[in-house]
Amino acid sequence: MPTITQWVDKFDAERPVGNMLETPIVLAQAIAAANFYAGHGALSEHLDIPLADPAPDPPAQYPEITPNTNITVSEWALIRPLFLLYVERENALYLEASRGLGIDPYGRSSSEIAGEIQQLELEIPHKAFQRDVITI
């Protein structure tokens, strides 16, 4: 199963032009997107954690999402659009900050992208939700 780092490496290989961000910043955006997703749907890596019986008090926390966290292809399919918007917004912020140096920004503004991020973040809880089917 690929890690977040491997997904970011694949992204860097696919889109070498037009992205002003260095790999650590892109990786931070991927972790942020994965954290948002994990707030609404458990990552399969977290589902593999054995449950204690009886449950501990306080309950055990999921492990922190790091660059080495495994992300399945289906999880990445839901995380990737948010990740792409986070990267685009961060890139737009860098370009907008460079105006004082006389550089003319290209692409959408960070405020345009923020609106699209907000819309996608509202949809993710519905897309990430899962419940086991129980038959009677």
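Computed from a predicted model, the values in this text were never measured in an experiment.
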Value rounded to 0.5 Å, distance of [atom1] in [X] from [atom2] in [Y]:
X	Y	atom1	atom2	answer
Gln29	Ile4	CD	CD1	12.0 Å
Glu116	Leu82	CD	CG	10.5 Å
Thr72	Ile79	OG1	CD1	7.5 Å
Asn91	Glu96	CG	CD	10.0 Å
Ile65	Asn70	CD1	CG	11.5 Å

TODO: Write out all pairs satisfying salt bridge (charged side-chain N to carboxylate O under 4.0 Å, His left out) with one or both partners inside residues 72-83, taking only residues at least two apart or from two chains.
DONE: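 The answer is Glu14-Arg80.
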
TODO: Quickly, which of Tyr37, Phe36, Trp76 forms a ring-ring contact (aromatic ring centres under 6.0 Å, His included) with Phe83? Name it, please.
DONE: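 The residue from Tyr37, Phe36, Trp76 that satisfies ring-ring contact (aromatic ring centres under 6.0 Å, His included) with Phe83 turns out to be Trp76.
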
Task: Pair Met20-Ser98, side chain to side chain contact (heavy atoms under 4.5 Å, CB included): steps then yes or no - done: CA-CA 11 Å; Met20 295 181 53; Ser98 68; 5.7 Å; no

Between the main-chain N or O of [Y] and the side-chain N or O of [X], is there a donor-acceptor pair closer than 3.5 Å?
X	Y	value
Glu88	Ile113	no
Asn35	Ile31	yes
Glu123	Leu120	no
Ser110	Ala92	no

Task: Pair listing, ring-ring contact (aromatic ring centres under 6.0 Å, His included) test, anchored in residues 114-136, at least two apart - done: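 Residue pairs with at least one partner in residues 114-136: there are none.
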
Open item on the list: Tell me the closest heavy-atom pair linking Ile25 and Glu90, and the distance in Å.
Closed with: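 Looking at all heavy atoms of both residues, the closest pair is CG2-CG, 3.8 Å.
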
- [ ] Check the pair Leu27 / Trp7 against side chain to side chain contact (heavy atoms under 4.5 Å, CB included), numbers first and verdict last.
- [x] CA-CA 9 Å; Leu27 183 60; Trp7 287 116; over 6 Å; no

Open item on the list: Measuring only between side-chain heavy atoms, which start at C-beta, is Ile71 closer than 4.5 Å to Leu43?
Closed with: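 Answer yes - side chains close enough.
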
- [ ] Treat each ILVMFWY residue as a node, draw an edge where side-chain heavy atoms are under 4.5 Å apart, and state whether Leu84 and Leu122 are in one component.
- [x]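 Result: no, two separate clusters.
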
